[in-house]
Each structure stands twice: as structure tokens, then as C-alpha cells.
Protein chains: 2
Amino acid sequence: MGNCGEFIQILGLNLFRGQFTYSVDSKGRVSIPAKLRKQVSADANDTFVMTIGTVNCIDVYPLDQWQQIEAKLLELNAYQPKDGKFIRMILQNASDDTLDSQSRILIPQNLLKYAKIEKEVLILGALKKIELWNPEVFAEYLKQTPDTYEQIAAEVMAQ
Amino acid sequence: MGNCGEFIQILGLNLFRGQFTYSVDSKGRVSIPAKLRKQVSADANDTFVMTIGTVNCIDVYPLDQWQQIEAKLLELNAYQPKDGKFIRMILQNASDDTLDSQSRILIPQNLLKYAKIEKEVLILGALKKIELWNPEVFAEYLKQTPDTYEQIAAEVMAQ
DNA sequence: GATAAATTCACCACAATTCCCCACTACCCT
DNA sequence: AGGGTAGTGGGGAATTGTGGTGAATTTATC
């Protein structure tokens with residue numbers, strides 16, 4: 001069992017999947033589901049970087065994954081006006097936190113507000129990142145397109 | 001835990017990120033947010049170098065990072081008119097200070113004036129440096145671009 | 001050159017937030 | 001059945017952000 005886990009890790013294919021409905025406590029803390037935690041590389045140092053997602057949710061990256069994004073930013077020329085703005089827009093909303101002894105992270109209030117998350121949170125495994133949604137917002141999001149799962153699959157997965 | 005932190009530091013990937021709204025007191029002092037302070041290398045010796053940014057903000061570098069900037073400046077040809085002018089402009093406005101016992105630095109008045117910062121200051125983690133903005137100026141700056149966050153995120157976060 | 005004024009600097013104080021630890025319940029696995 | 005793990009909640013200590021005071025140093029004035 002442990003062996004398989006290691007193999008997958010070496011291949012860099014330790015991805016997040018699945019769906020969990022948890023609660024946000026009065027302090028804004030959210031537990032990271034054990035199943036997802038098992039996919040996090042030790043390189044992440046129990047640290048996660050949160051930022052606004054592109055669709056009204058919060059994106060949560062294990063530190064090692066996030067650092068790949070920052071590595072790309074480092075290659076840009078920060079003195080170039082466009083690249084500079086690029087860097088600021090990305091980093092502006094990024095905030096990091098380390099798991100506490102109960103495997104929770106503290107979500108900044110502004111992110112919770114952005115995603116309209118209050119007491120309940122839908123935690124979504126999404127490949128290299130974890131997404132936090134207001135459950136109702138997510139249900140709405142799914143409805144927004146007239147396409148059925150079958151139609152979308154056919155389009156996206158076309159080889 | 002400490003070990004991993006050191007590794008990241010060795011790789012030069014201890015970067016600044018996030019956004020903080022703090023106040024500037026009557027003497028021109030600004031606290032450096034604890035989260036940013038944690039990313040500062042011990043080599044910096046609690047010392048920061050401030051200078052004008054290229055876009056109406058104040059750039060704040062930990063001493064060790066600033067020294068890398070100076071190394072680059074040394075590589076320029078000071079007798080080349082453009083290079084010489086750039087060197088003079090940066091250094092003219094460069095000023096250093098060490099954290100006081102409350103983790104604050106004193107910002108020179110001319111820099112505050114340059115960035116139009118008065119009572120409130122937006123502190124931005126921007127990779128190797130920290131930027132100080134007038135919050136309204138920054139909001140204006142973000143609006144000025146045709147690019148949306150979604151577009152930029154799609155470009156950087158992809159893959 | 002002596003004194004006064006102004007500025008800088010180091011230190012003290014406080015409220016609010018954050019962090020860290022402890023406790024409890026429910027579920028899962030063997 | 002029971003030991004272990006997982007998710008939830010809360011309290012107290014430590015840290016953080018903010019303001020201010022007074023000594024030391026510098027600058028200005030006579």
C-alpha cells in the first residue's frame with residue numbers, strides 16, 4: 001500500500017479527486033479531508049496556498065504545486081509593465097497557511113466572502129488543486145450550461 | 001519541518017505573496033506583516049532597502065535580495081547614458097532601515113510622497129520584493145488593464 | 001562655541017488577533 | 001467490541017499591529 005503511494009508520487013501523478021461536504025467553524029477553519037491529505041507531497045510541508053478561483057470558488061494548492069506557478073512568474077521580467085501587472089494580479093490574492101495539529105487551514109475572510117462560503121463548504125478534489133465552494137453556488141454552476149455531462153464529455157475528451 | 005523550510009530557502013524559493021492593508025503612523029513607520037517576515041532570509045539581518053518602484057509604489061527589498069540587485073547594477077556599463085541614468089535614479093532614492101523592536105521600518109518622507117501614501121498602505125508580496133501602495137492608486141492601476149484575472153490565470157496556471 | 005530646537009531612536013504599553021493545545025463525538029477498520 | 005482515526009469545537013497563551021513617551025543625537029540659531 002505504502003509502496004504504491006510512493007510510486008505514484010515519484011511519477012508526479014498524485015492528484016486530487018472526489019467531493020466532501022465539511023463545515024467552516026466560527027474562526028474560518030476548514031479541515032482538509034484525510035483522503036486528499038494523503039495525496040499531498042511531503043514537499044508541501046503541510047502548507048497550502050489559497051487564492052481566488054476563476055469561477056467563484058477558492059483554489060487551494062499544496063505549496064509544492066504553487067511553487068511551480070511562482071517559478072513561472074520568476075521567469076518573467078518584472079520591470080516589463082505587462083509582466084509586472086501579471087505578477088501582481090496573481091500574487092495579490094494568494095495567501096498561505098500551514099495545517100494545524102487537527103489538519104485544518106485557516107481561510108482568510110476575504111476569500112470566504114469572495115466564494116460566498118459561510119457555514120458549509122464543498123471541498124472538491126480537482127487534479128493538482130483543491131477547490132472550496134459554497135454548495136449552492138456549485139449546484140447553480142452545474143446548471144448554468146444546457147450541456148449534459150454526455151455532451152461535455154464528448155467534446156472535451158475527443159482525442 | 002524545519003528541514004524542508006531550509007531546503008526551499010536554499011533553492012531561493014522563499015518568496016513573498018499576498019496582500020495586507022496596514023496603517024502608517026504619524027512618524028512614517030510601517031509594520032512588516034508577520035507572514036512576509038517569515039519569508040525573509042536570516043541573511044537579511046532584519047534590514048530592508050527601499051526605493052521607488054517603476055509604477056508609483058515603493059519597492060522594499062530584504063538586504064540580501066537588494067545585494068543581488070546591486071550585483072546586477074555592477075554589470076551594467078555606467079558610462080552608457082541609459083545605464084548610468086538608471087543606476088543613479090535607483091540609488092538616489094534607495095534608503096535602508098532595520099526593523100525596530102516592533103517589526104516596523106521607517107519609510108522616508110520622499111518615498112511616501114512619491115507613492116502618494118498617507119495613512120493607509122497596501123502591502124503587496126511580489127516574489128523577491130515587497131511593494132507599498134496607496135490602496136486607491138493600486139485599485140486604479142488594476143483597472144487600467146484590458147486583461148482580466150481569468151485570462152491571466154488561464155495563461156499561468158495552465159499545466 | 002554654547003544653547004535651543006528639532007529630529008531620530010530606543011523603549012514601553014495595550015488591544016486585538018492569531019496560534020497552539022486540549023477535549024469531545026462519530027465513524028471506520030480489524 | 002474496541003482501538004484508532006477523523007471531523008468539530010473551544011479556551012488560554014503568545015504574537016501581532018498600533019500608538020505613544022522620553023532620552024539621545026543631530027541640526028539650527030544666536
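Convention: sequence-line order gives letters A, B, ...; per-chain numbering from 1. All heavy atoms count here, side chains included; hydrogens, waters and symmetry mates do not.
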Original post:
Can you give one letter per nucleotide of nucleotides 11-26 of chain C, going 5' to 3': B for a protein heavy atom under 4.0 Å from the base, S for sugar-phosphate only, - for none?
Top reply: BBB-----BBBBB---
Rounded off to whole Å, could you give me the [atom1]-to-[atom2] distance for the [X] and [N] pair?
X        : N      : atom1 : atom2 : result
B/Ile107 : D/dT18 : CD1   : P     : 13 Å
A/Phe20  : C/dC28 : CZ    : P     : 13 Å
B/Ile105 : C/dA10 : CD1   : C1'   : 17 Å
B/Arg37  : D/dT15 : CZ    : P     : 11 Å

Original post:
Do side-chain atoms of A/Glu155 reach the backbone of A/Ile152 as a donor and acceptor pair under 3.5 angstrom?
Top reply: no
**OP:** Measure from the side-chain N and O atoms of A/Asp97 to the backbone N and O of A/Leu106, and report whether any donor-acceptor pair falls under 3.5 Å.
**Re:** yes
Original post:
Contact class for B/Ile32 vs. all strands (heavy atom < 4.0 Å): base, sugar-phosphate, or nothing?
Top reply: sugar-phosphate
Subject >> 5' precedence on DNA chain D between A/Asp25 and B/Ser31 (nearest-nucleotide basis) >> reply: A/Asp25
Original post:
Is there a donor in the side chain of B/Ser103 and an acceptor in the side chain of B/Ser31, or the other way round, less than 3.5 Å apart?
Top reply: no
Original post:
For B/Glu131 and B/Trp133, does a side-chain donor sit closer than 3.5 Å to a side-chain acceptor?
Top reply: yes
Original post:
Between A/Asp96 and B/Lys35, does at least one N-O distance fall below 4.0 Å, as a salt bridge requires?
Top reply: no
Original post:
If you look at every heavy atom in A/Tyr114 and A/Asn56, which pair is closest and at what distance?
Top reply: OH-N, 3.5 Å
